[in-house]
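Side chains are part of it too, since the values below use all heavy atoms of this structure and drop only hydrogens, waters and symmetry mates. Just so it is clear: chains get the letters A, B, ... in the order the sequence lines come, proteins before strands, and each one is counted from 1.
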Amino acid sequence: MKIARALLGKFLVTDFAGGISSGMIVETEAYSWMERGCHAFNQRKTNRNAAMFEGGGVSYVYLCYGVHELFNIVTNKPGIAEAVLIRALEPVDGIELMMDRYNIKNPKGITSGPGKLTKALGITRKHNQIELNGPTVWIEDRNMKVKPKDIHSSARIGMNFEGKDAVLPWRFTIKGNSWVSK
DNA sequence: TAGAGGATTGAT
DNA sequence: TCAATCCTCTAC
């Protein structure tokens with residue numbers, strides 16, 4: 001859970017054929033095998049979530065609703081399924097590239113959702129289960145300071161089941177940032 | 001091998 | 001508020 005908080009203010013960078021694009025992480029959600037809602041609940045291992053068992057520093061990209069690709073960062077030791085979902089970014093580099101990928105001219109709201117930011121950065125399932133220390137996708141620390149009081153935690157989104165797991169405050173956002181998803 | 005459903009989004 | 005859309009898991 002510490003990692004989900006620490007990732008706020010870090011930069012997610014991609015370098016594909018089209019060029020470099022990056023954004024600052026402003027919203028995350030933590031997932032663990034210990035709670036429902038996670039694909040690897042109860043250490044259930046499948047082909048899809050195999051990346052989560054790889055160990056920290058690996059990406060986990062998967063398709064949701066047949067339409068959207070969601071980007072996660074695996075955070076724990078090999079064999080322990082735990083990951084942080086990147087829900088929103090603030091565009092920094094390659095904004096024009098992102099707009100090209102959407103074929104629009106206004107960057108407003110282009111990365112304000114987990115399915116949208118992957119499209120903006122050009123991330124697809126081909127980038128599943130890869131190391132996040134380069135050369136195509138990596139996390140960068142640019143010494144952006146996020147004060148603890150600027151971090152807001154809340155219940156997660158999209159949890160359809162009943163029970164206490166649904167209200168765990170494992171969603172982290174940067175207060176006052178307009179790129180946070182609604 | 002077939003059927004149901006999902007960590008969402010955008011249009012109505 | 002609801003459909004789009006296709007991959008993954010589960011059951012037969």
Side-chain angles (χ1 to χ4, degrees), chain A residues 1-8 10 12 23 25-54 56-76 80-91 98-130 132 137 139 151-174 177-182:
Chain A
M1 301 316 103
K2 287 180 183 173
I3 297 175
R5 209 177 271 119
L7 279 170
L8 291 174
K10 295 283 190 299
L12 174 64
I25 299 169
V26 297
E27 181 173 354
T28 64
E29 274 185 17
Y31 285 87
S32 160
W33 62 272
M34 290 180 286
E35 41 96 23
R36 301 173 64 81
C38 178
H39 292 154
F41 170 59
N42 207 18
Q43 291 293 64
R44 187 178 50 154
K45 187 172 181 179
T46 64
N47 286 333
R48 177 174 63 167
N49 65 23
M52 267 202 270
F53 293 84
E54 286 291 305
V58 176
S59 68
Y60 170 40
V61 182
Y62 92 101
L63 185 69
C64 182
Y65 296 97
V67 185
H68 306 287
E69 276 149 331
L70 277 56
F71 181 76
N72 301 251
I73 297 172
V74 182
T75 56
N76 216 314
I80 301 180
E82 212 169 84
V84 175
L85 167 69
I86 306 302
R87 290 192 60 87
L89 296 175
E90 178 178 335
M98 297 181 198
M99 291 188 292
D100 278 351
R101 289 182 179 127
Y102 270 93
N103 200 24
I104 58 175
K105 293 182 178 177
N106 188 348
K108 192 176 192 309
I110 200 171
T111 56
S112 62
K116 296 199 288 187
L117 71 89
T118 54
K119 188 176 177 186
L121 290 181
I123 294 172
T124 70
R125 285 187 310 292
K126 286 185 293 190
H127 308 108
N128 184 34
Q129 211 167 337
I130 59 176
L132 289 175
V137 182
I139 300 296
I151 294 177
H152 182 248
S153 63
S154 57
R156 288 171 301 172
I157 295 172
M159 299 290 114
N160 295 321
F161 50 85
E162 301 288 326
K164 64 177 169 40
D165 289 340
V167 296
L168 286 171
W170 283 1
R171 174 174 179 244
F172 301 100
T173 59
I174 293 182
N177 190 295
S178 58
W179 295 95
V180 170
S181 66
K182 61 181 185 210

Counting just side-chain N and O atoms, does [X] come under 4.0 Å of either OP1 or OP2 of [N]?
X: H39(A); N: dA7(B); result: yes
X: R44(A); N: dT10(C); result: yes
X: R125(A); N: dC6(C); result: no
X: K116(A); N: dG10(B); result: yes

Would you mind reading off the distance between [X] atom [atom1] and [N] atom [atom2], rounded to a whole angstrom?
X: N106(A); N: dG10(B); atom1: CG; atom2: P; answer: 13 Å
X: F41(A); N: dT10(C); atom1: CZ; atom2: C1'; answer: 16 Å
X: L85(A); N: dG6(B); atom1: CG; atom2: C1'; answer: 14 Å
X: E69(A); N: dA4(C); atom1: CD; atom2: C1'; answer: 15 Å
X: E35(A); N: dA7(B); atom1: CD; atom2: P; answer: 11 Å
X: N103(A); N: dG10(B); atom1: CG; atom2: C1'; answer: 17 Å
X: N47(A); N: dT10(C); atom1: CG; atom2: P; answer: 11 Å
X: I86(A); N: dA7(B); atom1: CD1; atom2: P; answer: 17 Å

Describe the nucleic acid contact of Y60(A) in one word from base, sugar-phosphate, nothing, applying a heavy-atom distance below 4.0 Å.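 Base, at least one base atom sits under 4.0 Å.
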Check every atom of [options] against the side chain of [X] and return the nucleotide holding the closest atom.
X: Y65(A); options: dT9(B), dG6(B), dA7(B); result: dG6(B)
X: V67(A); options: dT8(B), dC6(C), dT5(C); result: dT5(C)
X: R48(A); options: dT5(C), dA7(B), dT8(C); result: dT8(C)
X: P114(A); options: dA7(B), dT9(B), dC7(C); result: dT9(B)

For dA7(B), give the paired nucleotide (Watson-Crick: N1-N3 plus N6-O4 or O6-N4; G-U: N1-O2 and O6-N3; both under 3.5 Å), or none. none
Tell which nucleotide pairs with dT5(C), taking only Watson-Crick or G-U wobble pairs whose two distances are both under 3.5 angstrom. none
Aromatic contact between Y31(A) and H39(A), with the criterion being ring centroids under 6.0 Å apart: yes or no?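 Not close enough - the centres of the two rings lie 6.0 Å or further apart.
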Does the pair E69(A) and K119(A) meet the rule for a salt bridge (Lys or Arg N to Asp or Glu O under 4.0 Å), with working shown? CA-CA 8 Å; E69(A) 276 149 331; K119(A) 188 176 177 186; over 6 Å; no
Backbone of A4(A) reached by a side-chain donor or acceptor of T28(A) within 3.5 Å: yes
Does any donor atom in the side chain of S59(A) or Q129(A) lie under 3.5 Å from an acceptor atom in the other side chain? no
Qualifying residue, where the test is side-chain contact (heavy atoms from CB on, under 4.5 Å) with P114(A) and the options are L70(A), L89(A), I86(A), N72(A): L70(A)
Determine the interatomic distance between P on dA2(B) and the same-named atom on dT5(C); round to the nearest Å. 22 Å
